[in-house]
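Read through the structure below, which is laid out as structure tokens, and then see the notes.
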Amino acid sequence: MCGIIGISSNKSVSASIISSLKKLEYRGYDSAGIATLFEGEIKELKSEGRVDTLEQNFDLKNLKGNIGIGHVRWATHGIPNSVNAHPHSSHNVSVVHNGIIENSTILKKYLIGKGHKFKSQTDTEVIVHLITENLKTRELEEAITSTLKQLHGSFALGIVFKDIPDLIVGARRGSPLAVGYGPSENYLGSDSYALKSMTNKITYLDDGEFCIIKKDQVVFFNEDGKNINKKILELSSDEASYEKGDFKHFMAKEIEEQPNTIKTGIKEYVDKTNSEINIYNFPWNVNEINSIKLIGCGTAYHSCLMAKYWFEELTQLDVSIDIASEFRYRKNRFKKDNLYIFVSQSGETADTYAALDLCNKNNMKTCAVVNVIESSIARDVNFVLPIHCGPEIGVASTKAFLGQILILYILALKLASLRKEINNKNYKEKVKDLQNLPSLIEKSLLIDNDIQAISSTFNEAKGSMFLGRGFSYPIALEGALKLKELSYVHAEGYPAGEMKHGPLALIEDGMPVVVLAPRDSYYKKTISNMQEVIARGAKVLLITNKSKDEIVSENIWETIEVENTNDDLLPFLLTIPLQKLAYYSALKKGYDIDKPRNLAKSVTVE
Ligand code: F6R
């Protein structure tokens, strides 16, 4: 995580660095800092807290310099304070870093032995001193090449030098880094979003590469220090999707954007006239695939779990799922007839990328369902299925989740059809049903008043539970995750049928329990489980779909009814009230909804 920015220009850079840092805050927000070069000196200013605090603490308007670097931090080594904030500097070199240096302890010992003095608890400071040390005996490019070879772990770096005052060095291994091109200035940034207001011309560094950025020139190198050429991409300018508009929070905006997310996904992948799914050009023969493994983290993992239910329902494939951080270190049996699907909003999540890398090294078939199409995961798989939901800025994932499950559902349908595991009539009906989904989501969004009132009970409780069976179980997990990450309330998701095997012991008088019981094939079973928790004092919020049939249960505390559709698609609608529940709980508590404590949007460290 952490966000880095660097600008080399023919004019003062501090204002642009600060404005880019504000955009990068979604990557980390426990401290912030900036360093510029002016009249042969490096001026470094850092604060604990947000970029706003940095602005309040220092007179940044008068910070001069045409070259500078900036950083927003998500702490890994050392507590969030101004000393551990980046940039870190020696007398000659200043560095901003995103990633983790795994051999920092050994390097620190070596550097202390050489007389270097350390000020912070960070791993980053070893990079500063290592470059400083290497520059004693080497020219710049050689010093950078050998420094990078000495570092173990992951990094995206921005580096400025007191004695070489006209350039910035950028380097990447494992953490994302982009170069941007402007008029009489060039940029370095953790992502294109940070550079968006300055340029739409971008080059992404690949692992092992570094670059030298001057105001009128950018040169790229491979890990051996040899010059390389890189492509310049022109990104579409969709500035509006980066603004909150009339919404109080990005999360509120992103929840409301979901009908559009689904509309765009359908437009991209569904041929309405022929009720057909437009996914062609698979780089493998789909009949050679006998099993699927879906891999992701957090919300994206919940998308994988959701997809498992659909793939199993619609196809004969053997489907398993994995949390990326577990998969990457297990002894996996790689099978040629297995398709590995990586699910990620950012496409930069370190664990998910490492899992992909492992599969690539074993020559496996790989596919990605991602939002950021320029991301590392999107670039390194055999086949990409973008979700096209536009930038998701709120740290808690909402529209990307619906976007991911839509594409996974569409993929499951397509594979079922290609493998002749679904009859054509059924297939066409299911594809047709998709067309109504945006308007059903739109209607299901109109529940703000009900949810606002209910959310207080969740805030006041010691803890809460989210229960579901079958297709509703992954949604229960996602609902619980949303509540805990936004309103810091203990919330657990369980398969409703598991309660009696232990968790039922937690139920006490007045405990809020969300029961997801749409009128699908699991309905009756879930209602029985609901009665068991009501009998033990739980305050049940039942979420179901509209139906002519009455709900045959007493003592339900509150009920929310979403719209009606076929069983496969109900998970989309059930998700909406849970997102709103988490949003309003956090709003009532006055928490920072778009930047919950201890979290960051793009998790580029292990
Ligand atoms: C939760 C959330 C996270 C992410 C996870 C993976 O609301 O957003 O759990 O889903 O960190 O991130 P991506 O999808 O970028 O790989």
Side-chain angles (χ1 to χ4, degrees), residues 238 240-241 243-272 275 299 303 306 310 345 371 387-394 396-410 413 429-455 471-472 474-475 478-479 482 514 516 518-520 541-548 558-584 587 593:
D238 49 357
S241 24
E243 305 299 334
K244 276 201 285 256
D246 292 335
F247 290 93
K248 242 184 165 163
H249 300 98
F250 278 107
M251 185 188 180
K253 177 177 175 244
E254 287 155 8
I255 290 174
E256 299 300 324
E257 278 173 353
Q258 293 178 112
N260 222 20
T261 302
I262 302 300
K263 234 183 252 167
T264 313
I266 292 171
K267 208 159 78 193
E268 202 66 32
Y269 292 100
V270 177
D271 168 354
K272 283 189 195 172
S275 294
T299 289
S303 299
M306 189 67 248
W310 283 324
Q345 187 284 127
N371 191 28
I387 63 174
H388 296 297
C389 76
E392 188 181 65
I393 312 292
S397 191
T398 51
K399 63 175 181 176
F401 176 66
L402 281 209
Q404 286 160 3
I405 63 172
L406 174 74
I407 307 310
L408 290 164
Y409 179 65
I410 286 176
L413 271 178
E429 269 167 20
K430 284 182 187 290
V431 175
K432 246 194 202 135
D433 280 351
L434 274 170
Q435 324 273 346
N436 297 327
L437 195 53
S439 69
L440 297 176
I441 293 177
E442 216 160 284
K443 286 184 195 142
S444 301
L445 281 164
L446 305 171
I447 44 160
D448 295 67
N449 293 341
D450 302 343
I451 287 283
Q452 282 187 52
I454 291 167
S455 62
F471 291 170
S472 304
I475 306 303
E478 177 58 9
K482 287 287 95 90
V514 178
L516 301 175
R519 293 16 144 87
D520 58 10
L541 164 60
L542 169 67
I543 303 182
T544 184
N545 54 329
K546 289 181 179 157
S547 161
K548 300 187 295 302
E558 292 285 355
T559 302
I560 287 181
E561 289 180 327
V562 297
E563 296 301 307
N564 205 1
T565 178
N566 79 43
D567 288 3
D568 292 358
L569 300 183
L570 285 168
F572 289 88
L573 306 183
L574 297 176
T575 304
I576 306 291
L578 303 185
Q579 294 172 338
K580 292 218 172 198
L581 177 66
Y583 176 78
Y584 283 115
L587 189 70
I593 290 180

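We number each residue from 1, following the sequence as shown.
Within 6.0 Å of CG on Asp271 lie more than 12 heavy atoms contributed by other residues, nucleotides or ligands.
Separation of atoms CD1 (Ile266) and CD (Glu268) is listed at 12.0 Å; rounding is to 0.5 Å. Atom CD of residue Glu563 and atom CG of residue Leu570 lie 11.0 Å apart, to the nearest 0.5 angstrom. Rounding to the nearest 0.5 Å gives a distance of 8.0 Å between NZ of Lys248 and CD1 of Ile593. In this structure, Thr261 OG1 and Ile387 CD1 are separated by 7.5 Å, a value rounded to the nearest 0.5 Å. In this structure, CG on Asn260 lies 8.0 Å from NZ on Lys267, to the nearest 0.5 angstrom. Between Leu437 atom CG and Glu442 atom CD the span is 11.0 Å, to the nearest 0.5 Å.
Shown here for Ser472 and Leu516, the closest heavy-atom pair between the two residues is O-CD1, 3.5 Å. When all heavy atoms are compared, the tightest approach of Thr299 to Glu478 is OG1-OE1, 3.0 Å. Of all heavy-atom pairs between Leu581 and Ser455, the closest is CD1-CA, 3.9 Å. Annotation for Leu408 and Ser303: closest pair CD1-O, 3.6 Å, computed over non-hydrogen atoms. Taking every heavy atom of both residues into account, Gln345 and Ala400 meet most closely at CG-CB, 3.3 Å. Nearest heavy-atom pair across Ser275 and Lys432 is OG-CG, 3.6 Å.
Looking only at side-chain heavy atoms (C-beta outward), Leu402 and Ile441 come within less than 4.5 Å of each other. A heavy-atom distance below 4.5 Å is not found between the side chains of Ile454 and Tyr584.
Side chain of Asn564 to backbone of Ser547: no donor-acceptor contact under 3.5 angstrom is found. At distances below 3.5 Å, at least one donor-acceptor pair connects side-chain atoms of Glu392 with backbone N or O atoms of Lys399. Formation of a donor-acceptor pair under 3.5 Å by the Arg519 side chain with backbone atoms of Thr544 is not found in this model. No donor-acceptor pair under 3.5 Å is formed between the side chain of Asn371 and the backbone N or O of Pro391.
Legend: residues meeting side-chain hydrogen bond (donor to acceptor under 3.5 Å, both in side chains) with Asn566, ordered by chain and number and at least two apart, are Asp433. For Tyr269, the ring-ring contact (aromatic ring centres under 6.0 Å, His included) test picks out no residue, with sequence neighbours left out.
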Report the C-alpha distance between Phe401 and Ile475 in whole Å, list the side-chain angles of each, state the deciding distance to 0.1 Å, and finish with yes or no for side-chain contact (heavy atoms from CB on, under 4.5 Å). CA-CA 10 Å; Phe401 176 66; Ile475 306 303; 3.9 Å; yes
Side-chain donor-acceptor distances from residues 572-580 under 3.5 Å, at least two apart:
residue : atom : partner : partner atom : Å
Thr575  : OG1  : Pro571  : O            : 2.7
Gln579  : OE1  : Gln258  : NE2          : 2.7
Gln579  : NE2  : Gln258  : OE1          : 3.1
Lys580  : NZ   : Glu256  : OE2          : 2.7
Lys580  : NZ   : Leu445  : O            : 3.0
Lys580  : NZ   : Asp448  : OD1          : 2.8
Lys580  : NZ   : Asp448  : OD2          : 3.1

